[in-house]
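I have placed the structure first, in the form of structure tokens, so that the comments after it can refer back to it.
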Amino acid sequence: MVDINQIIRAIDHAGTLDELESLRIRHLGKSGDISALMKQLGTMSPEDRKTFGPLFNGYQRQANDALAARKAALESAAIEARLAAERIDLSLPAPERPRGSVHPISQVMDELAEIFADMGFAVATGPEIEDDWHNFTALNMPESHPARAMHDTFYFPDRNAQGREMLLRTHTSPVQIRAMLGVTKEHPAGAPLRIIAPGRVYRSDSDATHTPMFHQIEGLVIDRDIHLGHLKWTLETFLKAFFEREDIVLRLRPSYFPFTEPSVEVDVGYTLVNGKRVVGGAEGWMEVLGSGMVNRRVIAAGGLDPDEWQGFAFGTGVDRLAMLKYGMDDLRAFFDGDGRWLSHYGFAALDMPTLSGGVGTAA
Ligand code: PHE
């Protein structure tokens, strides 16, 4: 006999779709037991058929309903299981500590901008691909000038539309001209003027202390009644703030640059600490800067009247300043991109140099 309750119970407890399918075949398939009951109806007397017809139809409907319900339940469980199994976590875990650091050159440039901003200097920029007029001629180095040859210049094969030779700037001094002429976007033409110009410069030279690309910072002040005393005070104030010591001693030596007259080379005193030169005191001297009063011809090339305006200019190597302050001894490592060097000498990204917080918080 068919026990419908038992069949329903078996269907409700089927654990897989396969198991459910075999239950369907066993009870409702062609040779299933409920199907067999239905077939018997045909052989019954009309009275019996009246009694058993609704009963067997009921079995068939109940079994079908139970199968459909269980099938839906098993299918949605299967989808849930698949969703759980195929889940992909697209988020990356945060690194244990922040990676990446600020390169010492960027750090030192930020420090310099901060120090000079405090003295009223604005930052000016010029192109790294220059023409020989801005890089040389306007700086009182006409074509035949021997100083041109000393710059180990990288030239481009073609001249520009004005017929000027094109080159990679050999120093940041062309920004002096651009600032006076007002062609830098930061500064309109004219004077008075107080700018610094940090940036990349290029010379065909390479050893432990020279790389074909390096960084300079230029300073230019143009105003009335400017003299060497202003230059000396500015450099002393800057170097004290940069090296964060009061015992900075400067020595100004007469020198020669075509674009300054008079020209002075500036040495800073150092002390030997464990055989290493540390800036401060005056046990020995190191050259750190080129500078001087801006040559009248340069002021004129900048479109200003040299009888009305005077000024001073200075230029120095940013890489060398970084090496002196933070103790690296091979310049080439600055540009190797070695992760170990960068994590050792780099600076935390959020440690912006400020005068109040200290311009050179070590990493
Ligand atoms: N431009 C010079 C150099 O590259 C440095 C300098 C700048 C000297 C400004 C005097 C005035 O060596």
Side-chain angles (χ1 to χ4, degrees), residues 109 112 116 121 123-128 130-142 145-154 167-180 184 193-205 209-223 226-228 230-236 238-239 250-268 286-302 304 306 309-321 331:
M109 291 216 194
L112 295 172
F116 280 104
F121 286 67
V123 173
T125 56
E128 289 169 30
E130 256 301 2
D131 59 61
D132 71 338
W133 187 81
H134 286 93
N135 195 82
F136 292 125
T137 314
L139 290 163
N140 194 31
M141 282 183 269
H145 202 287
R148 282 201 182 202
M150 287 163 58
H151 274 222
D152 301 311
T153 313
F154 289 111
L167 45 82
L168 291 175
R169 67 177 180 192
T170 57
H171 52 176
T172 43
S173 300
V175 186
Q176 289 188 29
I177 304 297
R178 291 186 176 276
M180 283 187 272
T184 62
L193 193 62
R194 252 188 264 182
I195 56 121
I196 54 164
R200 293 190 182 113
V201 300
Y202 302 82
R203 290 186 201 180
S204 176
D205 201 355
T209 52
H210 297 87
T211 48
M213 184 279 297
F214 58 105
H215 299 81
Q216 283 190 340
I217 184 166
E218 192 83 7
L220 175 70
V221 170
I222 301 283
D223 210 327
I226 295 291
H227 54 74
L228 266 180
H230 295 119
L231 169 64
K232 189 175 185 222
W233 178 88
T234 304
L235 295 181
E236 220 164 58
F238 145 52
L239 290 168
L250 295 190
R251 187 172 80 169
L252 272 54
R253 273 185 295 110
S255 182
Y256 174 76
F257 297 104
F259 31 93
T260 47
E261 181 59 38
S263 299
V264 281
E265 245 156 6
V266 180
D267 295 342
V268 66
M286 276 185 290
E287 185 193 322
V288 287
L289 278 147
S291 65
M293 301 307 293
V294 181
N295 192 301
R296 291 174 59 87
R297 287 162 172 266
V298 173
I299 292 184
L304 300 172
W309 302 101
Q310 300 79 48
F312 64 78
F314 57 88
T316 183
V318 174
D319 319 81
R320 218 167 99 77
L321 286 179
L331 178 62

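Just so we're clear, the structure is a prediction, and the values are computed from it rather than from any experiment. Read the numbers this way: they start at 1 and go in the same order the structure lists the ligands and their atoms.
The shortest side-chain heavy-atom distance between Asp132 and Thr153 does not fall under the 4.5 Å cut-off.
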- salt bridge (charged side-chain N to carboxylate O under 4.0 Å, His left out) evaluation trace for Glu130 with Arg178: CA-CA 11 Å; Glu130 256 301 2; Arg178 291 186 176 276; 2.6 Å; yes
- Query: Are Trp309 and Leu193 close enough, and set up right, to give a side-chain contact (heavy atoms from CB on, under 4.5 Å), and what steps lead you there?
  - Reply: CA-CA 10 Å; Trp309 302 101; Leu193 193 62; over 6 Å; no
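Not less than 6.0 angstrom separates the ring centroid of Phe257 from the ring centroid of His171.
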What does the N/O contact table under 3.5 Å look like for ligand 1?
from	atom 1	to	atom 2	distance (Å)
ligand 1	1 (N)	His171	ND1	3.0
ligand 1	1 (N)	Ser173	OG	2.9
ligand 1	4 (O)	Arg203	NH2	3.0
ligand 1	4 (O)	Gln216	NE2	3.0

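Rounded to the nearest 0.5 Å, atoms OG1 (Thr170) and CD (Gln216) are 8.0 Å apart.
Under the salt bridge (charged side-chain N to carboxylate O under 4.0 Å, His left out) criterion, Glu218 pairs with no residue, sequence neighbours left out.
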